[in-house]
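A short worksheet on the structure shown next.
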Amino acid sequence: MEYNFREIEKKWQDDWTQKGVYHVNNNSPKPKYYVLDMFPYPSGAGLHVGHPLGYIASDIFARYKRLKGFNVLHPMGYDAFGLPAEQYAIEHGIHPAVSTDQNIKNFRAQLDKIGFCFDWGREVKTSDQKYYKWTQWIFLQLFNSFYNRLTQKAESITRLIGIFEKEGNANHPIPNSSFTVRDARFTCHDWKSFNEKTRQDILMEYRLAYCGYGEVNWCEALGTVLANDEVINGVSERGGYPVVKKKLRQWYLRITEYADRLLEGLERIEFSEAMKEMQTNWIGKSFGAEIDFEVKSQEPGVGSLRVYTTRPDTIFGVDFMVIAPEHELIQKITSTEQKKPVEDYITYVKSRSDRERQAEKKITGCFTGAYAINPFDQREIPIWISEYVLAGYGTGAIMAVPCGDERDFKFAKHFNISITNIIGKHYNDEEANPTKDAVLENSGFLNGIVMRDAMELVIGKLEELGIGKRKVNYKMRDAAFSRQRYWGEPFPIVWKDGIAYPLDEKELPLVLPEVEKYGPGPDGEGPLANLKDWANPIDLPPALAGGQRETNTMPGYAGSSWYFLRYMDPHNENEFCSRKASDYWAQVDLYIGGTEHAVGHLLYSRMWTKALYDLGFIGHDEPYKKLVNQGMITGVSEFIYRYNPSENIGTVHMANEIPYKKIDISSLLSKEKNIAAIMAQGLFPEIYFSHDAIPKGEVINFSPLHVNIKYVDANKLDVEEMALKESKFHKACFVCNDGFYLNGKWYNNELKENSKLIFTTTSAGEKMSKSKLNTQNPNELCDKYGADTFRMYEMFLGPVEQSKPWDTKGIEGVHRFLKKLWRLFFDELKGKVWNEEKANDAELKVLHKTIKKIEEDTERFSFNTGVSAFMIAVNELSDLKCHKKEVLEKLLIILTPYAPHISEELWHQLGNEGTILDAAFPKPEEKYLVESSKNYPVAINGKTRAELNIALDATQQQVEEIILANETVKKWLEGKSPKKIIYVKNKMINVVI
RNA sequence: GCGGGUGUGGCGAAAUUGGCAGACGCAUCAGACUUAGGAUCUGACGCCGCAAGGUAUGUAGGUUCGACUCCUAUCACCCGCACCA
């Protein structure tokens with residue numbers, strides 16, 4: 001009886017499905033544990049070996065927790081709305097729902113092969129109306145809420161209306177993220193006098209999901225707006241198309257109101273430092289002051305210039321002001337003689353795209369002809385315009401302190417502006433010094449004060465004079481929430497007379513209608529705007545008659561911002577998730593996924609959770625307790641070398657562009673007469689060389705060519721297979737270092753069979769891609785070695801959190817281990833070899849040591865050393881010829897999370913009923929554990945072996961005598977006798993008690 | 001430029017608290033069994049050296065009886081952010 005993994009895995013997968021062993025109940029006396037994977041976007045390419053890495057890790061942990069007696073929720077679903085399906089629809093005319101469903105089927109088949117313990121009864125699909133009904137519902141909750149800064153939480157907008165009616169907005173100023181109104185104040189009387197439109201416009205300034213005009217990232221190629229995190233280096237994340245700034249009416253999420261709580265929450269959750277850092281940077285909180293400077297310009301009475309600075313202490317070092325080219329004050333303050341240069345400069349800036357600005361950081365600028373007055377020493381400070389000041393951050397204007405800021409310094413040097421030194425010897429006129437520890441000089445009333453302490457003083461003074469105030473600033477902007485696309489959730493909003501009216505909850509879901517074409521609608525609207533009947537519905541409630549539907553759709557991150565809640569109560573038709581269910585499952589205990597969502601999904605879902613918590617729908621305000629980022633599995637390309645006698649290629653270049661080898665083909669051909677002869681006959685179009693067959697010589701004519709890695713196994717290319725399957729190689733000749741392959745035969749001195757071409761491997765650590773032929777489909781590996789081998793091998797590759805190149809070379813070793821395990825139970829000839837004899841101490845030691853090790857490794861996510869521990873255990877049990885049920889049974893239980901199929905099979909072979917999934921994880925028995933013999937270091941007065949007169953050929957006994965006679969050792973032992981004495985490297989002596 | 005991370009054999013990697021560096025696996029080599037081996041088993045395997053021994057965790061220092069581990073400096077690579085005042 002041999003290890004027939006195909007049969008076993010099929011059998012148990014069917015059995016588990018049929019018996020519903022992965023069904024999870026919301027009512028259980030057991031403690032709960034929630035293990036979540038980032039659900040995949042079902043792309044057409046299917047899964048590759050990188051995907052399952054995280055899934056396997058989470059699956060192992062989920063199964064482990066189950067053995068440990070937890071009620072484990074481990075669901076899976078699909079992030080099904082998104083751009084690629086729509087692009088595919090545009091190109092091929094296939095409805096995104098159709099292609100998405102096909103892809104999901106494909107994903108599901110692949111996932112099932114690997115044997116995950118997902119409760120598929122809880123599957124969610126964000127494009128399903130039963131799901132997005134609740135995405136729309138949550139949107140309405142956000143729309144109907146505002147952030148109360150006094151209570152620091154989201155509250156109902158009706159409450160805000162009540163406040164306005166009573167006291168106006170004195171205590172609730174308009175959030176500064178507003179795009180249309182700034183600092184507008186009104187009283188309760190004003191409010192009462194406002195008409196409906198005005199009131200709604202004002203409320204829109206407060207809503208957590210709101211619509212406003214603003215500069216957005218417009219991607220022409222994709223025909224839509226993108227969120228900041230979807231734009232990378234001025235091009236779109238998806239597709240790499242150019243992105244420009246455009247003013248458009250857009251929906252936003254007022255995530256900026258949550259900035260502080262998003263920061264504070266990071267302290268309570270287990271994310272990696274890198275991840276926390278990324279989110280912290282993205283939020284970009286800084287403390288400083290806003291200062292108003294009186295402006296002195298040709299035209300008097302233009303008011304003041306407001307700047308934001310984190311260094312108010314440097315106010316006496318201000319040598320010039322810089323305002324953004326978009327700053328509204330420019331028109332007013334520019335002097336007549338500077339008008340032309342300023343206009344020219346602004347034209348120049350407009351001609352530069354964001355990309356250009358970021359790529360080449362030139363020092364550019366233009367003087368306005370106006371001056372600002374330093375409030376403390378009345379100095380006149382020239383006001384400049386420069387593109388290095390961003391309109392969108394702070395007030396779009398800065399006070400430049402060249403002695404303390406590098407950019408200001410370079411600007412001053414470039415334009416020859418004289419620099420005031422306020423930090424004495426800390427400044428050397430060669431570069432700026434941003435220190436906070438200098439004692440201030442040339443600083444009026446601040447002279448002699450350390451900068452760090454001066455900050456408070458200045459802010460106090462500014463506030464006292466009424467020309468400035470303390471100010472906290474954030475880099476984070478509100479998140480753009482609408483897309484001019486088809487394949488997303490429609491907004492449950494109807495516009496009438498310029499007012500956005502939410503649909504009644506009873507009308508949800510607002511179903512995504514069918515469209516004929518997926519192309520953009522008129523005026524930057526989405527495809528839905530082409531549907532006149534849908535966009536101008538006739539069946540609206542009387543009050544909204546004549547209204548139009550919002551034709552934008554929600555972005556991809558809408559559905560993924562709350563899916564972890566839906567898994568808890570996936571079939572609830574009355575609520576997005578019952579409070580009972582969310583209270584039971586609460587936070588995700590373990591969330592596994594890639595780092596690519598650091599500032600997107602992970603931030604948005606945290607915000608949604610906080611809003612839902614504030615509004616009382618759930619009882620926790622951080623969605624994830626612990627996040628583990630799995631590393632990327634990168635590809636490894638394999639090459640052969642094409643000989644191009646007709647083209648003079650020059651030096652052979654490897655993918656990394658380093659000249660690799662120079663070869664003289666002619667010398668080779670004169671030597672290998674057969675090849676030359678065959679070449680001369682022109683029987684084949686091309687010759688390919690293995691790496692080591694390329695002769696070392698002078699010249700050229702070889703170019704590296706990617707070969708599909710599926711033909712490569714353990715560094716060897718299966719040439720025959722490849723020549724058979726790939727039509728372009730049908731007539732090719734493959735030259736190997738000891739012969740060549742042509743037309744189905746090997747030629748050499750003798751006919752060789754099963755010969756393999758030896759290969760070189762290069763370019764590890766690159767992204768997997770179709771063009772490099774380096775993608776690996778997990779299905780093929782599962783077919784070849786079985787799911788258990790595949791699972792264990794992926795874990796064995798290295799730490800889960802580390803990126804690593806994919807390489808199948810080692811998979812044989814893991815497969816061997818499983819076969820060896822099998823042989824502890826069954827012998828090929830003798831059949832059953834396991835027995836019910838009593839285990840001896842040596843065997844129990846192996847068992848309990850392994851239990852302890854697996855427990856520790858699994859708990860700390862060290863699955864690679866866990867797999868090693870199993871290998872060691874099986875090796876040792878084989879050596880001990882231990883086939884005892886007493887030992888093997890427990891070994892199977894702890895192996896279950898790693899290799900569930902073989903464990904289940906053997907467990908049944910041992911005569912057990914039910915499923916091993918519900919077995920209890922055994923406790924390691926202390927008495928069998930190798931006593932944790934602590935090595936106590938004894939430095940014998942720092943003396944080495946030689947100094948203690950221990951001869952090199954001294955026997956163990958002689959050594960011990962000498963050591964035990966030593967005063968230091970005697971003292972330390974306190975009369976006890978040591979277990980063991982160990983030398984280390986002649987120098988140190990360990991005494992073990 | 002700023003922030004985070006990683007450097008250990010031919011390769012993937014272990015070393016959990018500062019205690020015999022390289023576990024486990026791959027590849028390679030030698031051998032056994034076999035009609036056969038792409039099955040299985042045994043042994044060797046960082047580097048130098050016939051050996052004894054020496055030497056070795058990116059580099060240079062430091063702390064320590066003892067350092068892959070802690071400290072200082074430095075180099076290389078990877079990831080993230082990037083004119084954020």
Side-chain angles (χ1 to χ4, degrees), chain A residues 2 232-233 272-282 284-286 288 307-311 314 322 357-358 361-363 386-390 392-401 404-408 410-411 434 473-476 595-596 598-599 629 631-632 634 713-716 754 756 761 764-765 792-793 796-799 801-814 816-817 819-820 823 828 853 856-857 859-860 862 864-873 875 878 934-944 952 968 982-985 987-990 992:
Chain A
E2 64 173 359
I232 291 162
N233 293 332
S272 68
E273 282 309 309
M275 188 59 59
K276 288 184 181 178
E277 195 64 33
M278 271 188 244
Q279 295 210 346
T280 307
N281 281 345
W282 186 262
K285 186 177 188 176
S286 63
V307 303
Y308 174 72
T309 179
T310 53
R311 297 297 301 271
T314 61
V322 188
R357 270 205 199 187
Q358 283 170 14
K361 287 173 188 167
K362 285 197 268 184
I363 301 171
S386 178
E387 59 180 330
Y388 84 87
V389 171
L390 307 176
Y393 182 77
T395 60
I398 63 157
M399 53 179 235
V401 183
D405 183 285
E406 196 54 40
R407 290 155 309 171
D408 298 345
K410 284 184 180 150
F411 193 87
N473 236 316
Y474 301 93
K475 274 199 258 183
M476 183 167 67
T595 48
E596 66 271 23
V599 290
N629 297 115
M632 246 201 333
T634 50
D713 183 18
N715 237 359
K716 293 191 174 86
N754 290 321
K756 307 250 165 132
T761 303
M792 291 194 87
Y793 181 59
F796 186 67
L797 273 177
E801 288 170 272
Q802 192 174 303
S803 281
K804 55 219 155 209
W806 175 257
D807 190 349
T808 16
K809 279 179 199 144
I811 199 166
E812 294 278 354
V814 175
R816 251 170 240 156
F817 150 75
K819 287 194 281 191
K820 201 164 180 176
R823 286 199 301 274
E828 226 171 295
K853 176 87 174 129
E856 285 169 358
D857 285 349
E859 287 284 353
R860 70 187 174 104
S862 184
N864 54 331
T865 52
V867 174
S868 294
F870 283 119
M871 291 179 170
I872 295 167
N875 283 344
S878 295
K934 178 138 179 148
N935 286 350
Y936 286 90
V938 177
I940 305 180
N941 302 333
K943 283 179 187 155
T944 65
L952 285 176
T968 316
I982 310 167
Y983 302 106
V984 183
K985 299 274 175 195
K987 284 180 187 158
M988 184 200 110
I989 292 137
N990 278 349
V992 183

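These numbers come from a predicted model, not from an experiment. Every chain is numbered from 1 and lettered A, B, ... according to where its sequence line falls, protein lines coming before strand lines.
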P atom, B/G46 versus B/A23: distance in rounded Å?
9 Å
Between A/Asn629 and A/Met275, is there a side-chain heavy-atom distance shorter than 4.5 Å?
yes
Report the nucleotide, chosen from B/C24, B/A13, B/G4, that has the shortest atom-to-atom distance to any side-chain atom of A/Pro799.
B/A13
Starting at atom CG of A/Asn864, determine the distance to atom P of B/A14, rounded to an integer number of angstrom.
5 Å
Would you indicate which nucleotide in B/A39, B/G80, B/A85 comes nearest to any side-chain atom of A/Met278?
B/G80
Taking for each residue the nucleotide of RNA chain B with the nearest heavy atom, is it A/Ser286 or A/Glu273 whose nucleotide lies nearer the 5' end?
A/Glu273
Any A/Ile398 side-chain heavy atom under 4.5 Å of A/Tyr308 side chain
no
I'd like to check A/Tyr393 versus A/Ser286 (side-chain heavy atoms, cut-off strictly below 4.5 Å). Are they in contact?
yes
With a 4.0 Å cut-off on heavy atoms, is A/Asp408 in touch with a base, just the backbone sugar-phosphate, or nothing at all?
nothing
Going by heavy atoms in the side chains, are A/Lys820 and A/Asn875 under 4.5 Å from each other?
yes
To the nearest angstrom, how far is A/Phe411 atom CZ from B/A85 atom C1'?
13 Å
Between P on B/C41 and CZ on A/Arg816, what's the gap in Å once rounded to a whole number?
9 Å
Nearest to side-chain heavy atoms of A/Asn875, which nucleotide of B/C24, B/G3, B/A85
B/C24
Determine whether A/Asp408 and A/Lys410 make a side-chain contact, defined as any pair of heavy atoms from C-beta on separated by less than 4.5 Å.
no
Rounded distance in Å between the C1' positions of B/A15 and B/A21
7 Å
Roughly how many Å is it from CG in A/Leu390 to P in B/A85, rounded to a whole number?
10 Å
So what does A/Lys276 touch, heavy atoms closer than 4.0 Å: a base, only the sugar-phosphate, or nothing?
nothing
Let me confirm one number: the CD-OG distance from A/Glu856 to A/Ser862, rounded to the nearest 0.5 Å.
10.5 Å
Report yes if at least one side-chain N or O of A/Arg823 is closer than 4.0 Å to OP1 or OP2 of B/A39; otherwise report no.
no
Can you tell me, in whole Å, how much space there is between the P of B/A14 and that of B/G7?
9 Å
Hey, does the side chain of A/Lys819 come within less than 4.0 Å of B/A39's phosphate (OP1/OP2), counting only N and O?
no
Rounded to whole angstrom units, what separation is found between the CD atom of A/Glu812 and the C1' atom of B/G12?
16 Å
Atom-to-atom span, CD of A/Glu856 to C1' of B/A15 - whole angstrom
14 Å
Please report the distance separating the P of B/C2 from the corresponding atom of B/A13, rounded so that it comes out in whole Å.
29 Å
A/Thr865-A/Ser868 side chain donor-acceptor pair, cut-off 3.5 Å
no
Separation of the P atoms in B/A56 and B/G5, to the nearest angstrom
29 Å
Say you pick atom P in B/U28 and the same atom in B/U72; how far apart are they, in whole Å?
45 Å
With respect to the side chain of A/Val389, which nucleotide from B/A13, B/C24, B/A85 is positioned closest?
B/A85
Nearest of B/G4, B/U16, B/G25 to any side-chain atom of A/Phe796?
B/G25
From the list B/A23, B/C41, B/A85, which nucleotide is the closest neighbour of the side chain of A/Ile872?
B/A23
Just wondering, do A/Asp405 and A/Pro434 contact through their side chains at under 4.5 Å, heavy atoms?
no
When you check the phosphate oxygens OP1 and OP2 of B/A13, does a side-chain N or O of A/Gln802 lie under 4.0 Å from one of them?
yes
Can you tell me, in whole Å, how much space there is between the C1' of B/A27 and that of B/G62?
40 Å
Where does B/G18 fall, syn or anti, if syn means a chi angle no more than 90° from 0?
anti
Within the structure provided, determine whether A/Phe870 and A/Met792 are in side-chain contact (heavy-atom separation under 4.5 Å).
yes
Rounded to the nearest angstrom, tell me the gap between atom NZ in A/Lys410 and atom C1' in B/C83.
10 Å
With the side chain defined as heavy atoms from C-beta on, A/Tyr393 is closest, among B/A14, B/U40, B/A85, to B/A85
Figure out the OH/P separation between A/Tyr793 and B/G25, and round it to whole Å.
14 Å
Over all strands shown, is A/Glu277 touching base, sugar-phosphate only, or nothing at heavy-atom distances under 4.0 angstrom?
sugar-phosphate
What nucleotide among B/C41, B/U16, B/A23 has an atom nearest to a side-chain atom of A/Lys820?
B/C41
Does A/Lys475 reach the side chain of A/Leu390, with side-chain heavy atoms less than 4.5 Å apart?
no
Rounded P spacing from B/A39 to B/C47 in Å:
26 Å
Whichever of A/Val867 and A/Arg860 has its nearest RNA chain B nucleotide further upstream toward 5':
A/Arg860
The dot-bracket string of RNA chain B, counting Watson-Crick and G-U wobble pairs with both distances under 3.5 Å, using [ ] for crossing pairs and | for pairs to another strand, is (((((((..(((......[....))).(((((.......))))).(((....)))..(((((..]....))))))))))))....
